[in-house]
Amino acid sequence: MKGLLLVIVYLFAGFTNETTSYYSAKYKMISNLSKELKIDSKSQIGDYFLGGLVYNFVSTSKVCFLKTTESLNNDGIVSNVSGDENIFINYQNGVVSYKLDNQENFKYDKVTFKKTQIEKKILGFKAIKYVSEDNNIAVYVTEELPWYIQPCIFNTKQFNGSIIRFENKKANYGFELIEYKKEDKTNKEDNTINKVLNLKESKDLRIKKCPFFES
C-alpha cells in the first residue's frame with residue numbers, strides 16, 4: 001500500500017511539473033559554417049550581427065515554439081519574433097504554423113537521417129552526429145536531455161534525445177545550444193502553449209520543407 005502511494009505521489013508530481021513549467025533553450029547561430037568546417041562555400045552571412053544572433057525556444061513534451069531572438073553583440077537587444085520567422089509546433093499531431101492568429105497550418109516534409117560514428121562534446125554533453133541522405137543537413141543528438149528540446153526543426157519525435165547542434169552546409173549556417181533551463185510558466189507562455197495545442201490537423205494539410213533545411 002505504501003509503495004502504491006509513493007507511485008501515485010511520484011506520478012502526480014511529474015504531471016504537476018509538466019503543467020507548470022517548460023524548458024527555455026537558447027541556440028546561437030553559427031553564421032559562417034564553412035569557415036568552422038573548413039569547406040568551400042559561396043554563401044556568406046554577416047558575421048558580426050548574425051554571428052551573435054541567439055534564438056530562444058520554448059519546449060514542453062507537447063509543444064515547441066520560437067519565443068524571442070537576441071544579439072550577443074548588442075547587449076539588451078531582445079525582440080519578439082513575428083511573421084514567417086515565428087514557428088509553432090504541436091508535437092501531439094505534428095502540425096506546424098507560422099502565425100497562431102491567422103492559421104496556415106502545415107506539416108514538415110520528413111527527412112531521413114543516418115547515424116555516424118562521430119561524437120562531439122557540446123555544453124558538456126556527449127552528442128552523436130546524424131546526417132541527412134543528401135549529406136547537407138547534420139544534427140548532433142544527446143540522450144542526456146529530453147528529446148523535445150530542439151530548435152523547431154522537427155515536428156515529431158525523431159531521435160531519442162535532444163538536438164543540441166544543427167548544420168546546413170549549402171546555406172552555410174547552423175545553430176548550437178548555449179544555454180537551457182527549466183522555467184515556471186507565466187500567463188503569457190501558458191496562453192501561447194494552449195494556442196499551439198489547438199493547432200488542428202486537416203485532410204488537405206500541406207507538406208512543406210522545414211525552413212531551416214532550405215538551401
Side-chain angles (χ1 to χ4, degrees), residues 13-30 50 52-72 76-108 122-125 127 139-166 173-201 208 210-213:
F15 176 78
T16 303
N17 189 49
E18 171 72 17
T19 58
T20 59
S21 63
Y22 66 92
Y23 278 101
S24 171
K26 292 186 177 183
Y27 289 79
K28 179 183 176 182
M29 177 178 276
I30 307 162
L50 293 185
L53 192 63
V54 172
Y55 288 77
N56 186 14
F57 295 90
V58 167
S59 297
T60 74
S61 62
K62 296 179 181 179
V63 305
C64 182
F65 61 89
L66 178 58
K67 182 181 179 182
T68 58
T69 61
E70 59 188 274
S71 174
L72 294 178
I77 295 181
V78 178
S79 93
N80 291 317
V81 290
S82 60
D84 285 356
E85 289 183 295
N86 213 338
I87 300 176
F88 305 91
I89 297 175
N90 182 342
Y91 284 139
Q92 296 185 122
N93 56 17
V95 174
V96 184
S97 182
Y98 286 148
K99 299 179 181 179
L100 289 177
D101 296 327
N102 181 22
Q103 291 187 17
E104 294 182 7
N105 301 345
F106 58 95
K107 285 191 174 185
Y108 283 157
I122 300 173
L123 208 62
F125 300 111
V139 294
Y140 287 80
V141 179
T142 179
E143 295 186 0
E144 298 176 55
L145 290 175
W147 68 267
Y148 47 85
I149 298 178
Q150 55 105 8
C152 281
I153 60 176
F154 296 108
N155 58 330
T156 58
K157 181 180 180 180
Q158 190 153 339
F159 302 97
N160 290 321
S162 169
I163 296 163
I164 57 179
R165 182 180 168 96
F166 154 78
Y173 80 99
F175 298 130
E176 184 169 300
L177 184 69
I178 59 170
E179 179 185 312
Y180 80 98
K181 56 184 175 180
K182 186 172 284 188
E183 298 191 34
D184 293 331
K185 291 179 187 175
T186 65
N187 288 336
K188 184 177 181 180
E189 277 92 27
D190 209 34
N191 183 52
T192 302
I193 288 170
N194 286 331
K195 284 185 177 181
V196 178
L197 288 172
N198 283 325
L199 293 177
K200 303 299 183 184
E201 187 173 9
K208 297 175 65 173
C210 169
F212 297 127
F213 289 178

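For the single chain, residues carry numbers from 1 onward in sequence order.
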Any side-chain heavy atom of [X] sitting closer than 4.5 Å to one from [Y]?
{"X": "F88", "Y": "V63", "result": "no"}
{"X": "T142", "Y": "L177", "result": "no"}
{"X": "I193", "Y": "K62", "result": "no"}
{"X": "Y98", "Y": "N86", "result": "no"}

Presence of salt bridge, K28 and E176, under 4.0 angstrom: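 No, no charged N to carboxylate O under 4.0 Å.
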Could you point out which residue of Y91, F159, F154 forms a ring-ring contact (aromatic ring centres under 6.0 Å, His included) with W147?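 The single option meeting the ring-ring contact (aromatic ring centres under 6.0 Å, His included) with W147 is Y91.
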Would you compute the distance between atom [atom1] of [X] and atom [atom2] of [Y] and round it to the nearest 0.5 angstrom?
{"X": "T69", "Y": "N56", "atom1": "OG1", "atom2": "CG", "answer": "9.5 Å"}
{"X": "I163", "Y": "L145", "atom1": "CD1", "atom2": "CG", "answer": "11.5 Å"}
{"X": "N90", "Y": "E201", "atom1": "CG", "atom2": "CD", "answer": "9.5 Å"}
{"X": "L197", "Y": "K200", "atom1": "CG", "atom2": "NZ", "answer": "9.0 Å"}
{"X": "C210", "Y": "I153", "atom1": "SG", "atom2": "CD1", "answer": "6.5 Å"}

Over all heavy atoms of both residues, which pair between [X] and [Y] is shortest? Give the atoms and the distance, please.
{"X": "I178", "Y": "L123", "result": "O-CD1, 3.5 Å"}
{"X": "T192", "Y": "F65", "result": "CG2-CZ, 3.6 Å"}
{"X": "Q150", "Y": "C64", "result": "O-SG, 3.4 Å"}
{"X": "N93", "Y": "L199", "result": "ND2-O, 3.0 Å"}
{"X": "K67", "Y": "Y22", "result": "NZ-OH, 3.7 Å"}
{"X": "F166", "Y": "V139", "result": "CD1-CG1, 4.3 Å"}

Between the side chain of [X] and the main-chain N/O of [Y], is any donor-acceptor distance below 3.5 Å?
{"X": "S59", "Y": "Y148", "value": "yes"}
{"X": "N105", "Y": "S97", "value": "no"}
{"X": "S162", "Y": "I149", "value": "yes"}
{"X": "N191", "Y": "N187", "value": "no"}

E189 and T186: side-chain donor and acceptor closer than 3.5 Å?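 Indeed, the side chains of E189 and T186 share at least one donor-acceptor pair under 3.5 Å.
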N155 vs V95, test: side chain to side chain contact (heavy atoms under 4.5 Å, CB included). Steps then yes/no. CA-CA 7 Å; N155 58 330; V95 174; over 6 Å; no
Worked check of side chain to side chain contact (heavy atoms under 4.5 Å, CB included) between T156 and K107: CA-CA 10 Å; T156 58; K107 285 191 174 185; over 6 Å; no
Please verify the inter-ring angle class for Y180 with Y23; under 30° counts as parallel, over 60° as perpendicular, anything in between as tilted.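 The rings of Y180 and Y23 sit tilted, inter-plane angle from 30° to 60°.
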What is the ring orientation for Y108 with F106, classed by angle as parallel under 30°, tilted 30 to 60°, or perpendicular over 60°?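 Geometry flag for F106 against Y108: tilted rings.
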